[in-house]
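Before we start, here is the structure in question, set down as structure tokens.
Positions are given from 1 along the sequence.
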Amino acid sequence: MSGAKTGIRHARTLYLIAALIAILLWSTSFVGTKIAYASFPPLTLGAARFAIASVILGGIMLLQREFTLPAPKDLGMMALSGLLGTTMYFALENIGVEMTTASSAALIVASYPAITALLEFMFYRTKISWMRGIGIAMAIFGVYRISGGGGSEGGEHALIGNLLLIAAGFVFAVYNFATRKVVGRYSMVTVSFYQTIAGTIAFIPLALIEKDKWQMPTTESMWMLLYLGLFCSVAAFMLYNYGLRGLTAGTAMALMNLVPIFGVALSIAVLGETLRPGDWIGGSIVILGVILSVREKKKPAR
């Protein structure tokens, strides 16, 4: 029995480590994106990043021998969610990150679970406890502080970038709603592959808008592009899904709160950014608000 318990503990530890590595990789994407901008404009970077991810996901499907063609209706929903979650979301995020600091971006992205909960209440009439309601309100107020609600600390340029990141949060929420309609019928690799393909195709004409800004990429930018495509877009997703096998939804959401912490720490360490007073105040409020907004209500035992 002791051996079985030890095995279970080891398995849970592996699930937790996998999820933590995924979150750390996601946290590096803000810094990685900033570094890649030395050669790639925002929309071009998005198109190239997800073209790489599409090839890798396609290779995984072939290796696993699960290359299936979804039903036309499901394929259409995957394409729609790909346009939302890949093209629209990352176009807004990439432009927003270019205009504001990586640390502010990490803190604003932390509010996305609360934004999703708010839209669920507005459109699906999902019941919200007073605790979750307070959490959502706190997260939104925290974002207001980060975006310059207490003054124009970051300037108009940064304010526009922050507003684009907030808009990306609403797109992310709608993407989640669309993905739920197909995720139960196909493997996550299959869903992600078709979403990424659709998103990449839609990204190409957007990238062409920036063709006047194209240049020969530096070695550092090329490595960072490959890193974003391989590790932040594919490896992190695979590791996180592996972790979800042995973690509760509450634990997974709690771990996601580490993204802004890691993201801000890396922004300071690698890019030399400094947090403004509004970031410290707003970031703390956002993280606390999200923790309250994603708390799972324990069901009474019967």
Side-chain angles (χ1 to χ4, degrees), residues 26-47 49 87-116 118 136-173 203 206-207 209-210 212-213 220-221 224-225 228 232 256-290:
W26 279 327
S27 302
T28 64
S29 67
F30 304 105
V31 173
T33 298
K34 279 284 191 182
I35 294 173
Y37 283 159
S39 300
F40 300 99
L43 300 176
T44 302
L45 179 64
R49 170 180 175 175
T87 312
M88 289 185 64
Y89 172 77
F90 280 97
L92 289 169
E93 183 185 90
N94 283 3
I95 296 173
V97 169
E98 183 186 38
M99 300 179 74
T100 189
T101 63
S103 52
S104 290
L107 292 170
I108 291 173
V109 169
S111 70
Y112 288 0
I115 292 175
T116 302
L118 176 63
I136 292 170
M138 288 179 65
I140 292 172
F141 177 71
V143 169
Y144 170 75
R145 287 289 310 176
I146 296 167
S147 300
S152 55
E153 296 171 281
E156 184 179 351
H157 197 66
L159 175 60
I160 295 173
N162 292 336
L163 291 175
L164 289 174
L165 287 164
I166 294 170
F170 285 90
V171 172
F172 176 78
F203 243 131
L206 294 179
I209 297 173
E210 300 176 327
D212 292 339
K213 300 179 181 179
E220 184 181 41
S221 294
M224 199 53 62
L225 169 62
L228 290 169
C232 296
M256 288 300 291
N257 293 315
L258 294 173
V259 170
I261 297 173
F262 289 158
V264 169
L266 288 167
S267 300
I268 294 172
V270 178
L271 300 178
E273 293 184 355
T274 57
L275 286 182
R276 297 169 290 128
D279 288 334
W280 283 110
I281 298 170
S284 300
I285 295 172
V286 166
I287 293 171
L288 179 57
V290 170

Between the side chain of Glu98 and the main-chain N/O of Pro42, is any donor-acceptor distance below 3.5 Å?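 Flag not set: sc Glu98 to bb Pro42 has no pair under 3.5 Å.
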
At what distance, to the nearest 0.5 angstrom, does OG1 of Thr28 lie from CZ of Phe262?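 Going from the OG1 atom of Thr28 to the CZ atom of Phe262 covers 11.0 Å.
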
Gap between atom CG of Leu225 and atom OG1 of Thr44 - 0.5 Å precision: 10.5 Å

CG-CD1 distance between Leu163 and Ile166, expressed to the nearest 0.5 angstrom: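 Here the interatomic distance stands at 5.0 Å.
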
Rounded distance [0.5 Å steps], CG in Leu45 versus OG1 in Thr33: 6.0 Å

Kindly give the heavy-atom pair with the smallest separation between Met138 and Ile285, and that separation in Å.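 In terms of heavy atoms, the two residues are closest at O-CG2, 2.9 Å.
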
Heavy-atom closest contact (Ala102 atom, Lys34 atom, distance): N-CE, 3.9 Å

For residues Ile95 and Leu43, determine if any side-chain heavy atom of one lies less than 4.5 Å from a side-chain heavy atom of the other. yes

Looking only at heavy atoms, what is the nearest atom pair of Leu228 and Ala36, with distance? CD1-CB, 4.4 Å

Does the Tyr37 side chain pair with the main chain of Asn94, one donor and one acceptor, at a distance under 3.5 Å?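 Yes, Tyr37 side chain to Asn94 backbone: donor-acceptor pair under 3.5 Å.
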
Can you tell if the side chain of Ile268 reaches within under 4.5 Å of the side chain of Ser103, non-hydrogen atoms only? no

Minimum heavy-atom separation for Gly169 to Ile115, with atom names? O-CG2, 3.9 Å

Looking at Met99, I'd like to know if its CE atom is crowded, meaning that more than 12 non-hydrogen atoms belonging to other residues, nucleotides or ligands lie closer than 6.0 Å.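 Counting other residues, nucleotides and ligands, CE of Met99 exceeds 12 neighbours.
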
Say you draw a straight line from CD1 of Ile160 to CG of Leu165; how long is it, rounded to the nearest 0.5 Å?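 One finds 12.5 Å between CD1 of Ile160 and CG of Leu165.
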
Taking the six-membered ring for Trp, are Phe172 and Tyr89 parallel (under 30°), tilted (30 to 60°) or perpendicular (over 60°)? tilted

Between Asn162 and Ser104 the two heavy atoms that sit nearest each other are OD1-CB, 4.0 Å

Nearest 0.5 Å, what's the CZ-CG distance between Phe30 and Leu271? 12.0 Å

If you compare all heavy atoms of Met224 against all heavy atoms of Gly32, which two are closest, and at what distance to 0.1 Å?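 Result for this residue pair: CG-O, 3.0 Å.
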
